[in-house]
Amino acid sequence: MSPSRRQLLLGAGAAALAASSVAGAAAQSSSGAAMGLAGKSILITGSSSGFGRLGAEHYARLGAKVFATMRNLPRPEADELRTLAEEENLDITVIEIDITSDEQVEAGVAEAEAAAGGALDVLINNAGMAMSGPIEVQDLEATKLMFDTNVFGAQRMIRAALPAMRDAGRGQIFNVTSQLGRLIIPGLGQYSPTKFALEALSEQLAYETVDKGIEVTIIQPGGYPTEIWQNAAVNSADLKERSRDPLIAAYPQLTAGMGDSGNGGGNTDPMDIPRTIAEIIMMPTGQRPLRKAVHPVATPQVPINEVSAEQQLAMLGASGYGPWLRAVLKN
């Protein structure tokens with residue numbers, strides 16, 4: 001039996017707090033995996049846990065030179081990753097980058113480029129956060145933090161990495177959004193607003209850089225069991241604590257669970273994300289998709305993606321922008 005509309009929407013809601021995911025990709029054989037990304041330099045944000053940590057290991061095992069970035073160094077997660085890299089002889093360099101800091105972004109990307117000997121081959125904007133509650137409850141502190149992390153952080157990283165990519169005439173940028181960058185579930189705070197913004201930023205960037213040899217792919221995950229759930233619970237509890245009681249009481253159904261932790265990802269495999277990203281990296285230039293919806297059960301955003309592409313072409317396909325749109329939308 002096909003999933004109901006409610007099931008699809010609930011699947012999308014799980015995606016909001018899970019922050020990302022990808023359709024299960026077939027595991028590569030160990031012999032093929034060994035050199036799949038050899039020669040590629042990859043910088044990924046948010047590498048302390050979740051998709052970022054799994055991705056750093058996966059890309060390195062496929063032969064890539066990986067720059068795993070995270071904030072607040074020193075920290076145990078960085079030490080663990082360095083130890084793993086040494087034990088398995090993986091090319092992983094841990095770099096401190098807080099994506100809300102202009103200075104750390106610029107310094108961290110410069111360090112990676114110097115170590116790579118030039119432009120990065122791939123930038124993966126994976127870092128993100130979630131916070132629940134209705135929109136009226138989202139004070140400016142919460143709203144600024146969400147946009148600074150989920151939107152402005154990616155913009156900082158893009159602006160830091162693009163100049164060298166443009167000079168080299170090549171590069172790939174992955175921005176991890178969510179199913180809820182296309183759909184909306186009540187009570188999930190500024191998550192959808194930030195992911196809608198990142199979707200638009202990414203698509204516009206794709207059109208503007210396609211003639212410069214740079215490709216952009218938006219990864220739209222569903223729900224996966226990663227640490228974002230626990231982090232979201234802490235952030236939501238803090239927001240609820242500082243909110244006025246009458247405001248919380250005005251939305252009882254949407255505020256009762258603020259601060260409660262759970263596993264919105266179910267039994268899905270978080271490795272779906274790095275596997276899918278790796279597959280896209282290995283695709284021939286010009287064949288990589290603008291968007292990749294990924295979840296083993298529900299991908300309700302796919303029809304929206306298709307209609308959006310059709311209407312973009314209908315509006316601008318015959319204009320001077322047409323060649324850029326057709327190159328990006330593969331039409």
* To do: Go through the steps for Leu162 and Ile173 under the test side-chain contact (heavy atoms from CB on, under 4.5 Å), then give the verdict.
  => CA-CA 9 Å; Leu162 263 182; Ile173 296 174; 4.1 Å; yes
Shortest non-hydrogen contact from [X] to [Y]?
X	Y	value
Arg288	Thr217	CB-OG1, 4.4 Å
Ala64	Ile42	CB-CD1, 3.7 Å
Arg170	Leu120	NH1-O, 3.9 Å
Ala85	Ile92	CB-CB, 3.9 Å
Leu43	Thr45	CD2-CG2, 4.1 Å
Val302	Ala293	CG2-CB, 3.7 Å

Has the side chain of [X] got a donor or acceptor atom that lies under 3.5 Å from a matching backbone atom of [Y]?
X	Y	result
Glu136	Ala250	no
Glu96	Gln104	no
Lys292	Leu290	no
Thr255	Ile248	yes

Would you check if [X] and [Y] make a side-chain contact, meaning some heavy-atom pair closer than 4.5 Å?
X	Y	result
Met157	Ile97	yes
Ile273	Leu54	no
Glu199	Arg291	yes
Arg82	Glu86	no
Gln155	Val151	no
Pro193	Phe147	yes
Lys195	Leu180	no
Gln312	Leu316	yes

Hydrophobic cluster identity match, [X] and [Y], side-chain contacts under 4.5 Å:
X	Y	value
Ile44	Val122	yes
Ile124	Val94	yes
Ile214	Ile218	no

* **Salt-bridge present (Arg53, Glu57; N to O < 4.0 Å)** => yes
* Asked: Is the closest basic N to carboxylate O distance between Asp148 and Arg156 below 4.0 Å?
  -> yes
* Establish, from distance only, whether the side-chain atoms of Asn150 and Gln190 form a donor-acceptor pair under 3.5 Å. => no
* To do: Give the C-alpha distance, both sets of side-chain angles, the deciding distance and a yes or no for side-chain contact (heavy atoms from CB on, under 4.5 Å) between Tyr191 and Ile185.
  => CA-CA 10 Å; Tyr191 193 82; Ile185 299 267; over 6 Å; no
* To do: Step by step, work out the side-chain contact (heavy atoms from CB on, under 4.5 Å) result for Leu201 and Ile158.
  => CA-CA 11 Å; Leu201 181 156; Ile158 288 166; 3.7 Å; yes
Does atom [atom1] of [X] have more than 12 heavy-atom neighbours from other groups under 6.0 Å away?
X	atom1	answer
Arg159	CZ	no
Arg244	CZ	no
Glu227	CD	yes
Asp245	CG	no

* Asked: Could you walk me through whether Asp211 and Trp324 pass the side-chain contact (heavy atoms from CB on, under 4.5 Å) check?
  -> CA-CA 7 Å; Asp211 67 340; Trp324 294 349; 3.8 Å; yes
